[in-house]
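In each ligand, atom 1 is the first atom listed, and ligand 1 is the first ligand listed.
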Amino acid sequence: MQLDIIGDVHGCFDELLELLETLEYRQMNSLYSHPEGNKLVFVGDLTDRGPNSIAVIQLVYQLVIEQEIAYYVPGNHCNKLYRYFLGNRVQEKHGLETTIAEWKRLKEDQKKNIQEKFMTLYENAPLYLYFENLQLVVAHAGIKENLIGQMNSNTKTFVLYGDITGKTDHRGRPIRRDWAKHYKGNPWIVYGHTPVLEPRQINRTINIDTGCVFGNKLTAFQFPKQRIVSVSSKQAFQPDRFTDFTAD
Ligand SMILES: [Mn+2]
């Protein structure tokens with residue numbers, strides 16, 4: 001089975017459509033298919049900050065739930081939107097405000113429809129995917145070798161937020177440990193969460209969040225082929241949003 005794993009979309013619907021076309025997915029009578037039967041995997045953070053979060057929710061719901069030609073694992077932004085839809089009190093910032101503004105502009109029946117779709121998508125998603133036969137793990141913020149196979153609260157925090165220290169930097173962004181640098185496991189780990197200008201590959205791990213919403217590009221990693229496919233972003237470029245690992 002060939003998988004096309006897609007990095008953080010963050011509401012960049014046009015770029016997602018372009019990437020699907022580049023990967024040779026075709027749409028007929030609104031249904032998507034791939035000539036070789038490839039399947040998609042979304043690493044999470046579908047919404048927030050970008051221009052078309054609602055359209056991304058609709059498309060991913062169709063691909064995962066209705067057509068069953070895609071897999072999805074949630075990101076921290078997905079988790080927060082889910083808690084918002086549950087009626088929990090969450091802070092409407094860090095991009096969530098754009099998704100909520102889009103959602104509030106919908107008609108009542110559409111609002112209900114999108115809320116139900118997103119909640120169904122989220123509730124049916126595993127915390128992370130482990131394809132044992134392919135020796136592949138897909139987790140939003142990555143995973144440590146000793147957590148693979150586990151589904152507890154430590155695992156949940158790690159796959160949603162990464163190896164956080166509880167501290168923040170001078171810009172107020174969380175400081176995370178570089179777990180990938182020390183990874184020694186056999187399964188490949190494909191993840192996103194931390195925007196980088198180029199996919200960062202180290203020790204059988206690859207970060208494919210190439211910051212589309214920050215004006216760089218949207219990236220897919222084809223597995224087991226290990227081929228990278230990207231399309232350019234249409235968003236404004238924000239260079240200060242990217243982490244530079246080349247100094248390591
Ligand atoms: Mn994230």
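- Comment: Lys107 does not engage Asp109 in a salt bridge, judged by the lack of any side-chain N to carboxylate O separation of less than 4.0 angstrom.
- Between Phe237 and Phe242, the two ring planes are tilted [angle within 30° to 60°].
- For the pair Thr194 and Asn207, the tightest heavy-atom approach, listed with the atom from each and the gap, is O-ND2, 2.8 Å.
- Side-chain atoms of Asp4 never come within 3.5 Å of backbone atoms of Asn38 as a donor-acceptor pair (strictly under, hydrogens ignored).
- Looking at heavy atoms from C-beta onward, Arg49 lies in side-chain contact with His77 at the 4.5 angstrom threshold.
- Protein atoms of type N/O/S that fall under 2.8 Å from the Mn ion (ligand 1) number 4 in this view.
- The distance between the ring centers of Phe118 and Trp103 does not fall below 6.0 angstrom.
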